Structure formats: C-alpha cells, structure tokens
Peer 1: 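Can you read through this structure? Questions will come right after.
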Amino acid sequence: MSMEIGLRDRPRLKRSTPAPKVGMVHLGPGAFFRAFSAVYTDEAMATAGGDWGIAAVSLRSQTAHDQLDPQGGVYHSVTLSNEGLKPKLINAIVRTLVAPDDPGAVVSEMADPTVKIVSLTITEKGYCHKPSDGKLNLQHPDIIHDLNTLSQPVSAIGFIVAAFAARRAAGDRPFTVLSCDNLPSNGALARGMVLEFARNVDEDLAAWIEAHASFPSSMVDRITPATTDEDIASLSQITGTLDLGCVFHERFRQWVIEDEFAEGRPAWDLAGAQFVSKVDAHELMKLRCLNGTHSTLAYLGYLAGFETIAETVADPSFAALCERLWKDEIIPTVPQPDGEDLPAYCAELMARYKDTSIRHRTWQIAMDGSQKLPQRILGTISDNLAVGHTSPGLFLAVAAWMFYVGGVDENGQEIDVRDPLSEALKTASESAKD
C-alpha cells in the first residue's frame with residue numbers, strides 16, 4: 001500500500017489494553033467483518049463482559065495479518081457521515097492467522113474447546129457449492145484437495161470439518177457455525193455443505209455434527225466501501241497514528257440472528273442485534289430490496305459512467321427506476337417481516353444510497369454477479385412470473401449484467417470484470433454477438 005511520505009513517519013497504532021481471551025474464530029477477516037460483527041462483539045464485551053475475543057483467520061491472503069498483527073489486532077471502525085469521520089477503536093480481535101502458512105495451527109485454534117463460535121464472511125464462492133442446486137461441488141479443486149488431505153485443509157468447509165473431527169476425537173463439544181455472509185438461509189447453506197463434506201469423510205462424524213452442532217442463519221447489513229489510502233491518511237490526521245487495518249462504513253447497521261447456539265454467545269442483543277426464531281423474512285427483505293437494487297444500480301450505473309451509488313441515484317432517472325422496482329416488482333414478492341415496515345425500509349435505503357459520504361463504487365458491487373444475481377434478482381423475477389407479473393426493471397438489470405460481463409463498455413473501453421465465471425461469461429457474450 002503506497003503511503004504519503006509524511007504518513008509513513010506516523011507511529012503505528014498499538015494495543016494499549018489487555019487482549020480478551022479467545023472465544024471465537026472468524027474465517028475471512030475482510031473489511032465487512034471488521035466493520036460489522038467484530039464491532040458488535042467488541043461492544044457486547046464492553047457492555048456485558050465475557051471471553052469472546054476473536055482469532056481471525058485469512059484463508060488466502062496475507063493482507064489482514066499484515067494490517068492487524070503489528071497493531072496487536074486493534075484498529076479503528078470509522079463511521080462516515082456528512083458531518084465528518086467518527087472513529088471508534090475496536091479491541092475484539094486478539095490475533096490473526098494466515099491459513100496457508102500453517103493449516104494445522106488453524107485447525108488447532110478452531111478445535112480448542114474454549115472456542116464456542118466459528119463465524120464466516122467468506123463470500124458466496126467460499127462455500128464451494130453449486131448455485132444451480134445448492135449442493136456441495138465435489139469437483140471443486142479445494143474440496144477434492146481437502147477430502148484427500150483433511151489434515152491440511154484449504155477451504156472453509158474443510159477447516160470446519162477438520163476441527164469438528166478433532167473436537168469429537170477429544171470428547172469435546174462442537175462449536176456453533178455462524179455465517180455472516182449475504183446469502184439466503186446462510187446457516188442452512190453452511191450446514192448443508194459441512195454435512196455433505198463430512199459424509200464423504202466419515203458417516204459417524206456427520207451424524208455427530210448433525211446431532212450436536214448449530215448453524216443459525218443471520219441477516220447482515222452495513223455498507224462498507226473499500227478503504228483507500230486517502231481514507232487512511234484522513235484517519236491519521238485525527239488520531240496521530242497510522243492504522244493500516246482501519247475500515248470505513250455507513251452509520252446504519254442491522255444484524256438479525258436465529259438464536260440457536262450450541263455453547264452460548266456474546267450479548268450481541270445489548271449492542272443492537274435482533275434475535276428471532278427464523279430470519280427468512282428479514283433475509284428476503286434485505287436481499288431483494290437492498291441487494292437487488294444495489295446490483296441493478298451497480299451494472300446500469302457503471303455502464304452509464306457513474307463511479308458510485310450516490311452518483312447514480314443523484315440522476316433522477318435512476319432514482320425513479322429504484323422507486324419503481326421497490327413498489328411494483330420487489331415489495332409484492334416479500335413476506336412481511338416481524339417489526340418491519342417495507343415502504344419505510346425502502347425509503348431509508350434510498351436515503352442511504354444518496355449519502356455522498358459513502359463512496360460505494362459501482363465496480364465493487366458488480367463483482368461476482370454470477371454468484372449473486374440468483375439470490376438478489378432472479379428469485380424475484382421467478383416469483384413474479386409465477387403469479388403472472390412481469391419484471392421489466394429487473395429484466396433491464398439482468399440485461400445490463402449480460403452486457404457488463406462481456407468485458408467492453410459502449411465506448412469500447414475494457415471492463416475489469418471480477419467473477420469466478422468471467423472467462424466463460426465473456427466467451428458466451430462474444431458468441432452471442434456472432
């Protein structure tokens with residue numbers, strides 16, 4: 001990361017208070033985790049105590065370790081608003097591990113009986129599933145590797161099953177697997193992948209996991225733009241220290257969780273989390289109302305030359321499209337969640353989109369569309385068709401995605417398409433033009 005000369009001379013942020021004891025392991029310590037569940041956990045411990053420190057595990061990159069470890073795991077969570085930056089020091093992360101450096105150490109960390117929860121923000125790709133049928137992709141190279149070499153796993157699913165196997169062998173209780181990814185029924189998805197993998201390893205192990213472990217679903221929501229060098233410099237002007245692990249986010253946050261934990265949990269409710277018996281309706285509300293329009297604005301906005309969502313909805317045509325999508329195509333397909341007012345929820349979404357302090361890039365949101373659109377848009381279209389309604393606005397969103405993944409915009413400029421199926425999609429796009 002390039003830094004201004006003066007900024008390099010700033011002292012690095014350091015931990016000044018004792019670290020909490022580890023009670024959780026988190027797989028995927030990217031910006032969203034640091035801006036969301038780590039903040040809730042930090043606030044829950046500050047309010048109610050408890051040994052819920054987090055050992056954060058990067059499954060691929062060294063980046064989180066390099067950002068956080070020299071700082072003792074502490075970093076700033078910075079709320080963006082038109083009134084300026086509001087930083088908050090977060091102490092919940094105790095240490096960071098890089099899985100490829102020592103997979104066995106990660107398994108041992110997760111297998112420690114003091115760890116009660118293993119949480120996940122690994123994105124859609126990390127579950128190694130087939131979006132077409134929701135099953136584990138047994139042909140995925142990481143799954144093939146882990147089934148043959150479970151002592152040295154590389155996938156999140158492999159690590160979880162390896163840790164469960166170690167717990168069972170030691171006579172210890174299992175942990176709760178808590179998905180914090182933006183996926184429908186994310187707990188059920190995690191459970192399905194873990195159990196299918198385990199059955200391919202040991203039927204008795206799979207039965208033990210099924211009987212004793214918990215996989216609650218959760219709905220997560222906080223817009224978290226990518227941190228820039230300019231952001232780091234701005235924070236440094238306020239704090240007088242260099243914080244390479246900082247994250248920036250909007251003021252709004254919402255976490256709805258099914259209250260099914262095998263070995264207890266932090267007092268997240270005291271930090272504002274909502275606990276429910278079933279999260280499905282809240283999940284569908286968010287996926288369709290927020291994520292569906294976010295993706296729509298990302299593809300159409302990018303192709304129209306807008307860099308951010310705020311710039312996109314500042315155009316009256318795009319704001320009107322968003323309002324029409326909610327009213328005519330999305331809200332009619334969403335069951336009423338407890339305690340929510342759907343039109344009011346969408347009005348708040350528009351206010352969030354228009355917040356110019358949140359530089360959420362259209363290009364960033366457009367990533368991994370092949371994995372996201374089935375949940376965000378295609379399900380809504382399908383539900384409308386089932387009752388004889390069309391979805392012209394969402395059809396337009398899909399058309400924009402199809403154009404986008406072709407890799408060239410209307411001016412002939414190359415688009416940096418980031419998607420696990422990018423090559424196949426580009427080939428299909430080129431074939432369609434022939």
Side-chain angles (χ1 to χ4, degrees), residues 24-28 55 57-60 97-100 102-113 115-218 258 260-263 368 371 374-375 420:
M24 295 176 57
V25 170
H26 182 82
L27 306 182
V57 178
S58 175
L59 295 171
R60 294 282 188 269
L97 297 84
V98 181
D102 191 346
V106 174
V107 174
S108 295
E109 185 84 63
M110 295 167 66
D112 189 312
V115 170
K116 312 298 186 186
I117 297 170
V118 171
S119 55
L120 313 171
T121 49
I122 55 176
T123 76
E124 294 88 346
K125 295 177 290 187
Y127 292 85
C128 301
H129 72 301
K130 296 180 288 184
S132 59
D133 62 10
K135 301 294 185 182
L136 182 68
N137 182 3
L138 294 170
Q139 302 307 310
H140 192 290
D142 291 353
I143 298 301
I144 292 172
H145 171 277
D146 290 355
L147 287 173
N148 289 308
T149 320
L150 191 56
S151 61
Q152 299 285 303
V154 295
S155 73
I157 304 303
F159 274 108
I160 291 168
V161 174
F164 274 143
R167 291 268 188 125
R168 180 170 174 260
D172 294 324
R173 295 274 301 167
F175 47 78
T176 294
V177 177
L178 176 63
S179 173
C180 301
D181 280 300
N182 184 33
L183 289 163
S185 303
N186 52 20
L189 175 64
R191 182 178 185 273
M193 298 309 99
V194 167
L195 290 177
E196 190 172 351
F197 185 101
R199 290 187 190 105
N200 280 272
V201 174
D202 178 347
E203 286 282 358
D204 290 340
L205 172 62
W208 180 82
I209 295 170
E210 188 169 20
H212 301 292
S214 295
F215 296 84
S217 289
S218 72
E258 293 175 352
E260 299 174 6
F261 289 79
E263 292 290 294
D368 303 331
Q371 310 296 298
Q375 298 87 15

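In this text the structure is predicted, and so the values were computed from the model without any measurement.
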Peer 1: What distance do L178 atom CG and L120 atom CG have between them, rounded to the nearest 0.5 Å?
Peer 2: 7.5 Å
Peer 1: Taking all heavy atoms of A198 and all of I209, pick out the closest pair and write down the distance.
Peer 2: CB-CD1, 3.9 Å
Peer 1: Going by salt bridge (charged side-chain N to carboxylate O under 4.0 Å, His left out), name the pairs with one or both residues in residues 151-160, residues two or more places apart or in two chains.
Peer 2: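 For residues 151-160, and leaving out neighbouring residues, there are no salt bridge (charged side-chain N to carboxylate O under 4.0 Å, His left out) pairs at all.
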Peer 1: About how many Å separate CD1 of I143 and CG of N148, when rounded to the nearest 0.5 Å?
Peer 2: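 Answer for the CG-CD1 pair, N148 versus I143, is 11.5 Å.
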Peer 1: Strictly by salt bridge (charged side-chain N to carboxylate O under 4.0 Å, His left out), give each pair with a member in residues 175-197 just once, sequence neighbours left out.
Peer 2: R191-E210
Peer 1: Is the shortest side-chain heavy-atom distance between L205 and V161 below 4.5 Å?
Peer 2: yes
Peer 1: Would you say V25 and V57 make side-chain contact, with heavy atoms under 4.5 Å?
Peer 2: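 The answer is yes; the side chains approach within 4.5 Å.
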Peer 1: Any side-chain heavy atom of K125 sitting closer than 4.5 Å to one from D368?
Peer 2: yes
Peer 1: Return all side-chain donor-acceptor pairs below 3.5 angstrom for residues 152-160, not counting sequence neighbours, or 'none' if the list is empty.
Peer 2:
from : atom 1 : to   : atom 2 : distance (Å)
S155 : OG     : D146 : OD2    : 2.5
S155 : OG     : G158 : N      : 2.9

Peer 1: Has the side chain of E258 got a donor or acceptor atom that lies under 3.5 Å from a matching backbone atom of S217?
Peer 2: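 Between the backbone of S217 and the side chain of E258 there is a qualifying donor-acceptor contact (under 3.5 Å).
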Peer 1: Applying side chain to side chain donor-acceptor pair (under 3.5 Å), can you list everything that pairs with S119, at least two apart in sequence or on another chain?
Peer 2: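 S119 satisfies side chain to side chain donor-acceptor pair (under 3.5 Å) with H26 once adjacent residues are dropped.
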Peer 1: Heavy atoms, side chains only, cut-off 4.5 Å: are P216 and T176 in contact?
Peer 2: yes
Peer 1: Check for a donor-acceptor pair, side chain of T121 on one end and backbone N or O of G28 on the other, with a separation under 3.5 Å.
Peer 2: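 A pair under 3.5 Å: yes.
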Peer 1: Considering residues at least two apart in sequence or located in another chain, which fulfil the salt bridge (Lys or Arg N to Asp or Glu O under 4.0 Å) criterion with E124?
Peer 2: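 Testing E124 for salt bridge (Lys or Arg N to Asp or Glu O under 4.0 Å), a comparison that skips the adjacent residues, returns none.
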Peer 1: With sequence neighbours excluded, what pairs up with S179 under the side chain to side chain donor-acceptor pair (under 3.5 Å) test?
Peer 2: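 Expected list: Y127.
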Peer 1: Take the angle between the ring planes of W208 and F164 and call it parallel below 30°, perpendicular above 60°, tilted in between.
Peer 2: perpendicular
Peer 1: Quick one: salt bridge (Lys or Arg N to Asp or Glu O under 4.0 Å) partners of D112, sequence neighbours excluded?
Peer 2: none
Peer 1: I need the minimum non-hydrogen distance between R60 and V98, along with the two atoms involved.
Peer 2: O-CG1, 4.4 Å
Peer 1: Roughly how far apart are L150 CG and H145 NE2, rounded to 0.5 Å?
Peer 2: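 The NE2 atom of H145 is 10.0 Å from CG of L150, to the nearest 0.5 Å.
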Peer 1: Please identify each residue that fulfils salt bridge (Lys or Arg N to Asp or Glu O under 4.0 Å) with K130, with sequence neighbours left out.
Peer 2: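 Testing K130 for salt bridge (Lys or Arg N to Asp or Glu O under 4.0 Å), a comparison that skips the adjacent residues, returns D133.
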Peer 1: Not counting sequence neighbours, list each pair that qualifies as a salt bridge (charged side-chain N to carboxylate O under 4.0 Å, His left out) and has a residue in residues 150-160.
Peer 2: none
Peer 1: Do L147 and L138 come within less than 4.5 Å of each other through their side chains, counting heavy atoms only?
Peer 2: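 L147 vs L138: side chains touch.
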Peer 1: Using every non-hydrogen atom in the two residues, find where V177 and A190 come nearest and quote the distance to one decimal.
Peer 2: CG1-CB, 4.3 Å
Peer 1: Restricting to non-hydrogen atoms, name the atom on A262 and the atom on R173 that form the minimum distance, rounded to 0.1 Å.
Peer 2: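 Smallest heavy-atom distance, with atoms named: O-NH2, 3.9 Å.
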Peer 1: With sequence neighbours left out, write down each residue that passes side chain to side chain donor-acceptor pair (under 3.5 Å) with Q371, or none if nothing qualifies.
Peer 2: none
Peer 1: Any pair with a residue in residues 179-201 that passes ring-ring contact (aromatic ring centres under 6.0 Å, His included), sequence neighbours left out, goes on the list, sorted by first then second residue, please.
Peer 2: none
Peer 1: I need the full list of salt bridge (charged side-chain N to carboxylate O under 4.0 Å, His left out) pairs touching residues 152-169, with sequence neighbours left out, sorted by first then second residue.
Peer 2: R168-D202
